[in-house]
Amino acid sequence: MSDLLIAMRTFVRLHEMPSFSRVGQEMHASHTTIARRLDQMEAHFGVPLFHRTTRRLVPTAEADRLLGHVRAMLDALDAAEADFGAAKDAPRGLVRIGLTTALGLYYVERLGALAARHPGVQIDCAMTDWQRDVVEDRLDLALRVGPIGDDSLVVHPLGPLARRLVAHPDYLARHGAPGSADDLGAHQCIAYAYGDRRARWTIDGRERLVNGVFRSDNSEAVHRAALSGLGIALLPAIRVAADMAAGRLAAVLPDSVIAPLDIYAVHPSHRRLPPRVRLVLDFMKAHFPAAG
């Protein structure tokens with residue numbers, strides 16, 4: 001790879017993530033090397049690309065203009081390599097995916113089939129219930145709960161993710177089962193929420209605030225709290241199906257209507273999908289849990 005090409009890739013990452021140290025860590029290069037590559041870009045194009053201070057790195061207007069051209073050149077090169085390289089017939093390389101906890105664990109349990117058919121593809125799962133920045137975190141794919149209001153992302157619908165109200169049988173034996181959604185206010189509800197926001201459940205078309213002795217911003221923690229008998233939880237059906245079949249969790253208000261979550265896979269609009277990423281996207285579509 002030529003020095004200018006490396007400098008161009010470095011420039012794009014600096015524009016997406018203005019930090020010498022973070023880009024250097026990502027590219028396994030020193031602060032001095034990253035700065036030298038930026039100097040090379042500025043010398044080649046004859047314009048200043050960043051305002052540099054001891055604390056900040058701010059793209060100039062010229063950098064904003066140049067970014068589209070550089071991305072187009074890099075995308076064209078990546079496309080040529082994909083079309084003419086060995087990766088066309090045997091996809092290989094790293095695919096970094098941003099996944100929610102529940103769906104991440106679901107897909108991890110099924111990756112063996114993908115690995116067996118395509119041993120040259122490596123998967124890096126960035127698994128968290130927080131929404132990661134696709135560009136800054138350099139994700140090839142990420143899952144989102146719709147609707148998606150970001151024009152910089154290409155959106156691929158995966159499907160609806162069903163949810164269930166559940167509780168441990170011991171909890172229901174102690175407190176009784178609610179007869180309707182209106183009774184939930186008298187129960188311990190395990191809230192899935194972020195920060196100071198109150199948890200809200202929409203059941204039978206009506207939104208309700210829920211309260212309890214435990215809340216978390218991680219769906220697996222909510223799942224484990226329900227298994228421990230702390231209260232009633234609203235969880236993806238894929239996480240509780242086995243527990244319900246084994247009697248570890250029981251359905252609560254099974255006849256109530258709970259709208260599913262619409263799940264999408266997204267990737268940056270400025271990136272052409274390499275074969276390895278297309279392969280994983282198709283795998284996620286094919287193995288998305290059936291509604292129900």
Backbone of Val257 reached by a side-chain donor or acceptor of Asp204 within 3.5 Å: yes

Residue pair Val210 / Ala191: nearest heavy atoms and the distance that separates them: CG2-CB, 4.5 Å

Exceeds 12 heavy-atom contacts within 6.0 angstrom, atom CD of Gln122: yes

Cluster overlap Met27 with Met41, hydrophobic side-chain contacts below 4.5 Å: yes

Glu42 vs Arg36, salt bridge (charged side-chain N to carboxylate O under 4.0 Å, His left out): CA-CA, chis, key distance, verdict: CA-CA 10 Å; Glu42 291 180 331; Arg36 186 168 62 248; over 6 Å; no

Close side-chain approach of Leu230 and Gln188, heavy atoms under 4.5 Å: no

Residues Arg239 and Glu220 bridged, charged N to O under 4.0 Å: yes

Closest non-hydrogen atom pair between Val95 and Asp140, with its separation: CA-OD2, 3.4 Å

Atom pair CE (Met284) and CG (Leu279), whose distance is rounded to the nearest 0.5 Å: 12.0 Å

OG on Ser256 to CH2 on Trp201, rounded to 0.5 Å: 11.5 Å

Side chain to side chain donor-acceptor pair (under 3.5 Å) partners of Glu207, counting only residues at least two apart: Arg200

Tyr192 and Leu234, any side-chain heavy atoms less than 4.5 Å apart: no

Validation row: Ser269, Val154 side chains within 4.5 angstrom (heavy atoms): yes

Short side-chain to backbone donor-acceptor contact, Thr10 and Ile34, under 3.5 Å: no

Point-to-point distance, once rounded to the nearest 0.5 Å, from NE2 of His44 to CG of Asp39: 14.5 Å

Cluster overlap Leu66 with Leu4, hydrophobic side-chain contacts below 4.5 Å: yes

Ion pair check, Arg13 and Glu16, cut-off under 4.0 Å: yes

Verdict with supporting geometry, Met17 and Val23, side chain to side chain contact (heavy atoms under 4.5 Å, CB included): CA-CA 7 Å; Met17 187 170 59; Val23 172; 3.8 Å; yes

Leu14 to Ser19 - nearest heavy-atom pair and separation: CD2-O, 3.9 Å

Steps toward side chain to side chain contact (heavy atoms under 4.5 Å, CB included) verdict (Leu165, Ile258): CA-CA 9 Å; Leu165 279 170; Ile258 301 173; 3.8 Å; yes

Note: Arg37-Asp3 ion pair, threshold 4.0 Å (strictly below): no

Arg248, CZ: over 12 other non-hydrogen atoms inside 6.0 angstrom: yes

For the student: nearest non-hydrogen atoms of Ala181 and Ile203, plus distance: CB-CG2, 3.8 Å

Heavy-atom closest contact (Arg65 atom, His69 atom, distance): O-CD2, 3.4 Å

Heavy-atom side-chain proximity of Tyr107 to Ile97 below 4.5 angstrom: no

Single-linkage hydrophobic cluster, 4.5 Å side-chain cutoff, Leu67 and Phe50 together: yes

Minimum side-chain heavy-atom gap Val166-Met244 below 4.5 Å: yes

Sidechain-backbone polar pair: Asp137 side chain, Val134 backbone, donor-acceptor under 3.5 Å: no

Ring-face cation contact, Tyr106 with Arg110, 6.0 Å cut, 45° max: yes

Residue pair Val108 / Met127, side-chain heavy-atom distance below 4.5 Å: yes

Residue Arg56 excluded, over 12 heavy atoms near CZ under 6.0 Å: no

Between NE2 on residue His175 and CG on residue Asp170, distance to nearest 0.5 Å: 10.0 Å

Ile232 with Ile190, same ILVMFWY side-chain cluster at under 4.5 Å: no

Verdict with reasoning, His187 to Tyr171, per side chain to side chain contact (heavy atoms under 4.5 Å, CB included): CA-CA 10 Å; His187 279 268; Tyr171 172 86; 2.9 Å; yes

Chi angles and distances behind the side chain to side chain donor-acceptor pair (under 3.5 Å) call for Asn218, His223: CA-CA 9 Å; Asn218 181 277; His223 180 203; over 6 Å; no

Pair listing, salt bridge (Lys or Arg N to Asp or Glu O under 4.0 Å) test, anchored in residues 96-105, at least two apart: Arg96-Asp124

Leu253 and Pro178, any side-chain heavy atoms less than 4.5 Å apart: yes

Residue pair Phe283, Arg117: steps toward the side chain to side chain contact (heavy atoms under 4.5 Å, CB included) verdict: CA-CA 11 Å; Phe283 173 86; Arg117 292 195 302 270; 4.2 Å; yes

Linked, directly or transitively: Leu77 and Val70 (ILVMFWY side chains, under 4.5 Å): yes

N-O pairing of Asp75 and Arg9 below 4.0 Å: no

OG-CG distance between Ser219 and Leu105, expressed to the nearest 0.5 angstrom: 7.5 Å

Separation between NE2 of His287 and CG of Leu114, rounded to the nearest 0.5 Å: 8.5 Å

Contact summary for Val252 and Leu172, nearest pair of heavy atoms: CG2-CD2, 4.2 Å

Pairwise side-chain contact, Leu139 with Val266, heavy-atom cut-off 4.5 Å (strictly under): no

